[in-house]
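Below, chains carry the letters A, B, ... as their sequence lines are ordered, and counting in each starts from 1. We use all heavy atoms of the structure for the numbers below, so side chains are in, but hydrogens, waters and symmetry mates are not.
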2 protein chains.
Amino acid sequence: MDKGIYLFEEGNAEMAQLLGNKGAQLSEMTKTGIPVPSGFVITTERCIEYSKKGEMTEELKKEIDSYVQKIEEKTGKKFGDKEQPLLFSVRSGAAISMPGMMDTILNLGLNDDTVEGLAKGANNDWFAYDSYRRFLQMFGEIVLGEKKDQFENIIAEQKKTENVTSDQEISLDGMKAIVTKYKETVNVPQNLNEQLYLAVEAVFKSWNGQRAKDYRRYNKLPDNLGTGVNVQTMVFGNLGESSGTGVVFTRNPATGEKKLYGEFLLNAQGEDIVSGARTPQSIDVLEKAMPEAYKQLVELLDKLEKHYTDTQDIEFTIENGTLFLLQTRTAKRTVAAAVKMAVDMVDENLITKEIALTRIQASSVEKLLHKQLPENLDCKVLTTGLPASPGAACGKIAFTADDAERRANAGEKVILVRTETSPDDVHGIIPSQGTLTLRGGVTSHAAVVCRGLGIPCVSGCGDLEIDMENKLLKLGETTLSEEDFITLDGTTGRVIPSQAKLTEPELSNDFLTILDWADEKRKLKVYTNADTPKDAKKALELGAEGIGLCRTEHMFMSADRLPNVQEMILSQTKEEREKALAKLLPEQRKDFKALLEIMEDKKLTIRLLDPPLHEFLPDEEDILKDIAAIKKTDNKEALQQKEILLKKTRSLHETNPMLGHRGIRLGLVYPEIYRMQVRAIIEAASEVQKNGGKTNLVIELPLVAEERELSIMKKEIGEEAKKVMEETGERVDYLVGTMIELPRACIIADKIAEHVDFISFGTNDLTQTTFGFSRDDAEDKFLHYYFTHKILDEDPFIVLDKEGVGVLMQMAIDKARSVKSDIQIVICGEQGGEPKSVGYSHEINLDAVSCSPYRVPIARLAAAQAALGKQPA
Amino acid sequence: MDKGIYLFEEGNAEMAQLLGNKGAQLSEMTKTGIPVPSGFVITTERCIEYSKKGEMTEELKKEIDSYVQKIEEKTGKKFGDKEQPLLFSVRSGAAISMPGMMDTILNLGLNDDTVEGLAKGANNDWFAYDSYRRFLQMFGEIVLGEKKDQFENIIAEQKKTENVTSDQEISLDGMKAIVTKYKETVNVPQNLNEQLYLAVEAVFKSWNGQRAKDYRRYNKLPDNLGTGVNVQTMVFGNLGESSGTGVVFTRNPATGEKKLYGEFLLNAQGEDIVSGARTPQSIDVLEKAMPEAYKQLVELLDKLEKHYTDTQDIEFTIENGTLFLLQTRTAKRTVAAAVKMAVDMVDENLITKEIALTRIQASSVEKLLHKQLPENLDCKVLTTGLPASPGAACGKIAFTADDAERRANAGEKVILVRTETSPDDVHGIIPSQGTLTLRGGVTSHAAVVCRGLGIPCVSGCGDLEIDMENKLLKLGETTLSEEDFITLDGTTGRVIPSQAKLTEPELSNDFLTILDWADEKRKLKVYTNADTPKDAKKALELGAEGIGLCRTEHMFMSADRLPNVQEMILSQTKEEREKALAKLLPEQRKDFKALLEIMEDKKLTIRLLDPPLHEFLPDEEDILKDIAAIKKTDNKEALQQKEILLKKTRSLHETNPMLGHRGIRLGLVYPEIYRMQVRAIIEAASEVQKNGGKTNLVIELPLVAEERELSIMKKEIGEEAKKVMEETGERVDYLVGTMIELPRACIIADKIAEHVDFISFGTNDLTQTTFGFSRDDAEDKFLHYYFTHKILDEDPFIVLDKEGVGVLMQMAIDKARSVKSDIQIVICGEQGGEPKSVGYSHEINLDAVSCSPYRVPIARLAAAQAALGKQPA
């Protein structure tokens, strides 16, 4: 028979397929000289064989026995020994981590005999019987499938008998009584080999459990990989004052600072730190408490970081002065930390710039642009907890995850406040502005989740009190309800019982360094969608190379211009309309001149008016109200005007405005509108050029569906531009561009390309028409249902739909380039600043992405990652 | 030099490329032994050479001279003869007829000498000088480019001098004076060869005139074809009582009857017939007037019809007893005549069935199925809207659907007149004679419903105004009330403000014969879109082979069911909803049973509920009115109910309902609705089968965008169907189908095909999303502008857009068949009954088209034509 079991020292990180990921990692650590509790891995192949045969073979049992013997030799302990019993943990571990696989069984190897040995070794009978009790329960639940209730009932009964409230208070005799009752309830074999075989078999079986199978089907993973089984010697951090347990990061996961960061507890087990039941001490304290172990730990951490060339997150246990590392993994980190670590590690020659760039999750970069509390805060601080996830956040208090989700989805800004959080709370954390917990440290559940999400978090505010019944948060005299605002500073841990003003963030030098490196590597240009000088300046500051989309309609909306816009719309004749447009002309010219002066020779893409005209008119209901009011005053002229307005509003009403009279359709029916805009653009550019400035213009036509729309409108533009140039005597160069926002435009992109030099995918609209989803309606009407029921994995309005919209885009790109190889093609929908979509834009060879100013840094980084062959996320 | 000129007897019909179409036709007639005035054709090649060289070569002039000589020999007349001068007409004639080419020059060969010869030959000086005058003017205008005004002024002056009003009254001396003045004005050469060279050159030049070039560019015709020049001997029908001219058809072009049909005038020229200045006589009279010529004419007509194997429309001239045919062409005809001619000619063994089928314009067939307005309408037309559903209808005006229903049920004939219609109006449309709407195009709700029902409809009469308060319909001075009759012509869009007399349709045996032949030839199946037993029966009568689309929503709209539908929509919980649905179940079962019994083993495709639920609720405005009214009565319970209704109506409101919560999205969020429908279908089918009937069912899911929508819903359907079959003990076979109505569905059609056996293109919706055109808005907002300004040639909601929508369809077909080669694919949009679209459906290998009942015959014929390789129109 081939080799079916590997000692940790026989494997390495490359063997994940055979040993599972956990087994391979434990092997790698062992190989690297890290003191890992001894153990072995039963290979995934044995699991596959088991699946085929449906039973444990005698050969496998013998093989397991022989490896138990090897561990006995290595540790000097004996399985079943009444003095120093060897105990195991048994864990599943597939090549890909998978929910639904078997939970860990600890303390395997205990029976009525060995429990005495454990007690003797630890010099602690209560500990030993408590461990035995726990083992029986775990084995009962996990391996034998017994209900949790019956175990809990036995404990509850015992506590009642002894009249105590916590497990810790149960007497030794009580604990022994519990063990006796457990044994009556559940048939855990006293034979230790039998225990081990059954546990291994349970792992094998869990591979074909319903939940694991569902997960694989859903994620399209093959069913024939199998799982490894990790059998590892138990070590105990709770054997007294020379024992302990802790969690430590090689660098600060919140700031990136190169300094050990972590916590430990003396005389405790790992779960005590995670649960938050006891408040742990800073890792620095360990140096004084156990200088030898601390020194060894520091050396090991250094070694591990160099080995893995990344910040490590390590679990350790000290058993009677001996240090063991139980796990090392790449540390989760805030984006600020990720940036600092990446830049530092390049400085330290630990990694290359390329690797540094791929170490930062592009989507998380947005958090660096998030708000902060002002330096000189003038609000009262209620209390200060642990700075668990940086950044400031403000919102009204939500006391349950469900409340938080519901209210946030309704548009409210909320802060989730919980005693502590568990995975059940994640759906409430995600939509919240920030999270506050009363218990738990900087490695607690809330802290880890929030850092991952880039959401501010303050943890361990033990002096606060929650009154769940009345939904109140109290501290001393202060009482806050769901209606009250609270502000968190996750960078310092401060909690402010009011709505504090937040300030804009500042880009760190490290981050600017990363973005410079990104610019060196990326192929995609990054433009911005900006309609105002303020947006344009911000975008340039954040590295935009031009404006890929300037929407002119927002310019029409200001209170002082709207009357002229409405006059234009209400015009009965072309002449009247031209008169009204003439009033708008100088304003538009000013708009464009300001933008041109900011952009200089960088591209400025101006999209001519797009929305349906009724968007500029008041609601029918409001007009009716006005009319009712005017009727009382007997002002006939005012009444007549309102009635004209009403009639026009009604005549412009559309059942489906998204598919209505907008975009170039507007320009074709009312060419004088587009001509006014073109005049304003060319006049503005003339002025700028005459003052010695440069211009780099694209005049863009929206919502094209048919070639002739373009050919006609391009002619109109050319005529008007020529006229202005003749008037001003100044030649202005400009490109004509168009937006592809409709499936038909994708299909006829070759014909479109004959008329334009610039194409921009308006993927918001293209997604709407490709799916037949109205952005205005779909989200709350049915898309939410689609996401929760997994009908769609992602919101196609956020992440570009490669399967549908992407196919149309590729068709359009191929067709357009087939007739004009140097045509510029960009994307300017919301997806243009979303990392996965940026990656896709690189993949399909777009020239540029264009996104809102604050997303420009994300796009720069994501574009670099894509160019480096890493799928940005 | 190669041969550059052909006598008519040297050419034939196949030589259109070289001789131009007219030249080839004249040659063919000559070759067939038809007495055509002699002449020759200068080839298109000579024209091309001229275009290259820019001048007439001496060789060409000599070549022309030699052919003039040949004509002199053939006719015995001499060019320039002072006794019997030979005169020519000169005409252009390219291979494809083209506006902008040169007009005809008549009487070329006249000068101061030959005019005397002409006078002598005709024994009519006035005629000769009038001819000379006309020639000088034609030559001046056409060849020399002189202005028409100066000629007209000279005539006007002469008439003033003589104090007469018509040209005919001018004296011989006056006519001679005009000739003298013309010659002073314009330099027409007296040299006759020169005249001919210049005329030929003018034809050559007109090939490269701006209008002809524009026409070619617009129609994508090549510029290098050139035109032929036809030089033909003049003959005169006005040389006295043994001369004459006429027009004759070989069969009656209005009825198809096999009997000569035409008119003639003695001592007249062709233009006298066309101008209507003299009233011509029936062709029968010619038999008595000139028995010899008549006999010859009858023989020639018979020969021509046999030669061209189709009814001919002929121009003839008799010059001094000698018959000449000037032109023959295929006769235009009414559709009734086309049908009779086609069937008769097959009986006569003149043509094959295949040819007969291609002789009838498929689109015109619709006229045979509807009541019509008489050809010679003597009523005032109020306005003309869009021809939304063909046929004529007459009735009194009803302004609401309720009124229409009530009055129609009371036996009155009514026309429903609405601003626009919604599903709420269907109960009023059904009993009406016709529907008139102020808004909406030919694919608006009213249009689609009416076409489906075969009810005439005129839509988009934007100039009409409805005064709902006083129930009046206004336009300018005209005001119509409920008591007034109105007549609609849905075939032309005319609206007549009175009671016009209508003519009844009848399906002739000839037409039925044609349809039988069509069925033998066609490859496409023809299904129908039918929702009611009445529609289904009518469609079967008209030859439908099944129902390709049964829309279930119309079944929900009847007054007695709507309350239950609304109860279902207003339900707060799934349980409440199921209770309301349970009330609808027996009604739906009845619906389906009735259809199944009619269809027997023919396909019945039932589409599950498609429209957004708010379509079943009243308008917000109406509810608000009700609430205001109830408030006065203090009925609290009623008020509360209305307020719940208002709230739900508002919550269901959508900005773009076409892209909203409808189709399968509805079924996914409320599976109990689809389950009720599936239960009703399967229960109905069980009953039918138990009674010995057969069923052939497709259950169809609308508006799919994503594969998982289908996989989930198919499972639901399967579960419900299985449950019912277990209850009834009756196995019911059914296919699951889906509608492809969205671009994304086309793109993922391979994935879709894995879940269904039947795909139906919903090309109405697919056109909407591909173009981004809302059917409800686009027509009157901008599409009308698009058609008048040639931005689009055809309405894509009427004629399938091959360039855009068609590309998506082909993609879908390829992908679907790539995974399931035997999948059935049909089209069921409005275009499914339009001939060009039926042709395209054949071309892209669809299995079937499905159209409204009255379009079934059109589709049958068009499908046959397509199968015979002729593009239907």
Checklist entry - Do other residues, nucleotides or ligands put more than 12 heavy atoms under 6.0 Å from A:Gln640 CD? => result no
Checklist entry - Does B:His653 offer a backbone N or O that forms a donor-acceptor pair with the side chain of A:Lys781 under 3.5 Å? => result yes
Next on the checklist: Between B:Thr769 and A:Pro743, is there a side-chain heavy-atom distance shorter than 4.5 Å?
Outcome noted: no
Next on the checklist: Contact between B:Asp793 and A:Arg708 at the side-chain level, heavy atoms closer than 4.5 Å - yes or no?
Outcome noted: yes
Next on the checklist: Under a 3.5 Å distance rule, please check whether A:Asn656 uses its side chain to pair with a backbone N or O of B:Met658 as donor and acceptor.
Outcome noted: yes
Checklist entry - Rounded to the nearest 0.5 Å, how far does CZ of B:Arg665 lie from CZ of A:Phe782? => result 4.0 Å
Checklist outcome for this item: Here the gap from B:His661 atom NE2 to A:Ser774 atom OG, rounded to the nearest 0.5 Å, amounts to 13.0 Å
Checklist entry - Given a strict heavy-atom distance threshold of 4.5 Å, which part of B:Asp801 is in contact with chain A: side chain, backbone, both, or neither? => result side chain
Next on the checklist: What part of A:Ser711 gets within 4.5 angstrom of chain B, counting heavy atoms only: side chain, backbone, both, or neither?
Outcome noted: neither
Item to check | Salt-bridge contact B:Asp777-A:Arg662 (side-chain N to carboxylate O under 4.0 Å) | outcome: no
Next on the checklist: Would you say A:Glu706 and B:Tyr786 are linked by a side-chain donor-acceptor pair, where the criterion is simply a distance under 3.5 Å?
Outcome noted: no
Checklist entry - If you measure from CG on B:Leu668 to NE2 on A:His789, what distance do you get to the nearest 0.5 Å? => result 9.5 Å
Item to check | Contacting moiety of B:Ile748, where chain A heavy atoms sit under 4.5 Å | outcome: side chain
Checklist entry - Side chains of B:Ile791 and A:Ile712: does their closest heavy-atom pair fall under 4.5 Å? => result yes
Checklist outcome for this item: To the nearest 0.5 Å, atom CZ of A:Phe773 lies from atom CG of B:Leu742 at 8.0 Å
Next on the checklist: Report which part of B:Ile747 has an atom under 4.5 Å of a heavy atom belonging to chain A: side chain, backbone, both, or neither.
Outcome noted: side chain
Checklist outcome for this item: Taken to the nearest 0.5 Å, the spacing of A:Leu792 CG from B:Glu707 CD works out to 11.5 Å
Checklist entry - Going through the distances and angles, do B:Thr770 and A:Thr770 end up as a side-chain contact (heavy atoms from CB on, under 4.5 Å)? => result CA-CA 7 Å; B:Thr770 303; A:Thr770 304; over 6 Å; no
Item to check | Toward chain B, the part of A:Tyr785 with a non-hydrogen atom under 4.5 Å | outcome: side chain
